[in-house]
Amino acid sequence: YSFCKDFLYQPSGRALIDRYGANPYRIVASGKARFTRVMRKAAPRIQHRSIERLWRDASISVRNRLSNEQVRIRELRLRHCWEEFLLHDERKVETATEMENIYEKLRMRDRRLPQAQKGVVSTLMLARIVAETGPLSDFSSKQKIIRFAGLNLRERQSGKYRGKTKLSKKGRTSLRNVLDQAVLPLVKKSALFGEYYHRKKEQQKMPGTKAIVAVARLFLKMLFGWYKSQQGFNRNRVFTCETRYAMAA
């Protein structure tokens, strides 16, 4: 097949495996008209060009003649792998629900813990972050939690040599990974950090990966300040320094 691997995990790809086991021999044997009807019923939003491409790929694949036994075994192996994936996917959902429940219980003990905010951060993401940091009360300043995450900047130097200023990356790698996932939806132009992120890229010519790190640092500072202030989320406070915010208040 000419599609990328991500196609399999979309509704159209799932329908292809569910109805045909992704078996090109079964697809061709059913006929193009029936294949089209089955796929449209199983995945109503599938595009016509996707059906055409799948049919073309299947028609080319069947030129490689295999015995019925070989075809059956390959489809069986694929279905076994698919069943394991579905089981893993189900367990992820169960684990996510349990993490959310645990986080809500923690909030009952410490009301300063941030609450999910639509368009900013979900309960699951908050649970994942706190699972990596441990109690936020353990950190006396935002600099310490930044250092714990390995997002603090350091300059390479030896004697008179002065290198580039880079992330220390001495902190918790898994926390940085979670933060990257947390901020990724927030860098769209209309999202919370969209303007900040694109300004870094366009005006400061910063590579996308470095701009994401800058956003992750700002997000972690915001989250910690949110916790310490014991106040609800305030969008205007995110991009205003403490002094100016106090003067405006």
Side-chain angles (χ1 to χ4, degrees), residues 1-104 116-129 131 177-194 197 208 212:
Y1 293 102
S2 60
F3 52 74
C4 64
K5 62 180 181 180
D6 292 342
F7 176 83
L8 283 177
Y9 306 103
Q10 298 170 3
S12 300
R14 289 172 179 258
L16 182 70
I17 293 180
D18 183 53
R19 297 295 189 276
Y20 291 97
N23 185 340
Y25 296 88
R26 287 179 55 196
I27 292 172
V28 172
S30 70
K32 186 175 182 180
R34 178 174 174 75
F35 173 67
T36 300
R37 288 197 303 272
V38 170
M39 288 299 294
R40 287 200 179 280
K41 184 176 180 181
R45 299 182 67 178
I46 188 172
Q47 296 182 1
H48 175 72
R49 63 183 179 182
S50 296
I51 293 177
E52 290 291 325
R53 185 182 62 174
L54 289 169
W55 176 260
R56 183 187 68 245
D57 290 346
S59 300
I60 294 173
S61 294
V62 296
R63 295 175 186 174
N64 179 28
R65 295 293 178 182
L66 298 175
S67 67
N68 292 338
E69 188 67 17
Q70 288 176 310
V71 173
R72 188 186 68 81
I73 290 174
R74 291 190 179 193
E75 182 178 340
L76 185 62
R77 287 175 60 191
L78 176 60
R79 285 197 178 276
H80 286 167
C81 290
W82 187 249
E83 288 170 1
E84 289 180 8
F85 160 72
L86 292 177
L87 179 60
H88 178 70
D89 209 35
E90 183 179 343
R91 286 173 176 170
K92 282 178 65 179
V93 173
E94 291 175 354
T95 302
T97 301
E98 185 61 24
M99 289 184 71
E100 290 174 339
N101 292 337
I102 291 172
Y103 184 77
E104 291 300 336
Q117 182 74 26
K118 187 176 181 181
V120 179
V121 64
S122 65
T123 301
L124 176 59
M125 193 57 70
L126 286 168
R128 292 182 64 193
I129 292 171
N177 291 339
V178 173
L179 290 172
D180 285 346
Q181 294 174 36
V183 302
L184 196 59
L186 304 180
V187 297
K188 297 177 182 178
K189 289 192 175 181
S190 59
L192 179 64
F193 294 111
Y197 171 78
I212 284 287

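Predicted, not measured: the structure shown is a model, and the values here were computed from it.
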Can you name the nearest heavy-atom pair linking [X] to [Y], along with the distance?
X	Y	result
A43	P11	CB-O, 4.0 Å
S12	M39	O-CE, 3.5 Å
R14	W82	CG-CZ2, 3.6 Å
P185	A182	CD-O, 3.4 Å
R40	I46	NH1-O, 3.5 Å
G21	L78	O-CD2, 3.2 Å

*May I ask you to check if R53 and F7 form a cation-pi contact, with NZ or CZ under 6.0 angstrom from the six-membered ring centre and within 45° of the axis?*
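Geometry flag: set, cation within 6.0 Å and 45°.
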For residues [X] and [Y], determine if any side-chain heavy atom of one lies less than 4.5 Å from a side-chain heavy atom of the other.
X	Y	result
L8	F3	yes
Q181	L184	no
I73	E69	yes
E100	S122	no

Measuring from [X]:[atom1] to [Y]:[atom2], what's the distance to the nearest 0.5 Å?
X	Y	atom1	atom2	value
N23	R72	CG	CZ	12.0 Å
Q10	L16	CD	CG	12.0 Å
L186	L192	CG	CG	6.0 Å
Y197	K189	OH	NZ	11.0 Å
L54	R49	CG	CZ	12.5 Å
E84	L86	CD	CG	10.5 Å

*ring-ring contact (aromatic ring centres under 6.0 Å, His included) partner of Y20, the single match among W55, Y25, Y1, F35*: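 Only one of W55, Y25, Y1, F35 forms a ring-ring contact (aromatic ring centres under 6.0 Å, His included) with Y20, namely F35.
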_Trace of the side-chain contact (heavy atoms from CB on, under 4.5 Å) decision for K92 with H88_ = CA-CA 6 Å; K92 282 178 65 179; H88 178 70; 3.7 Å; yes
*With E75, which of R26, Q70, H80 fulfils side-chain hydrogen bond (donor to acceptor under 3.5 Å, both in side chains)?*
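Exactly one candidate clears the test, R26.
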*Main-chain N/O of I17 paired to R79 side chain as donor or acceptor, under 3.5 Å*: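 Yes; at least one donor-acceptor contact below 3.5 Å.
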Pair up each side-chain donor or acceptor in residues 27-34 with any protein partner under 3.5 Å, not counting sequence neighbours, and list the distances.
| from | atom 1 | to | atom 2 | distance (Å) |
| --- | --- | --- | --- | --- |
| S30 | OG | I27 | O | 2.7 |
| K32 | NZ | E52 | OE1 | 2.9 |
| K32 | NZ | E52 | OE2 | 3.1 |

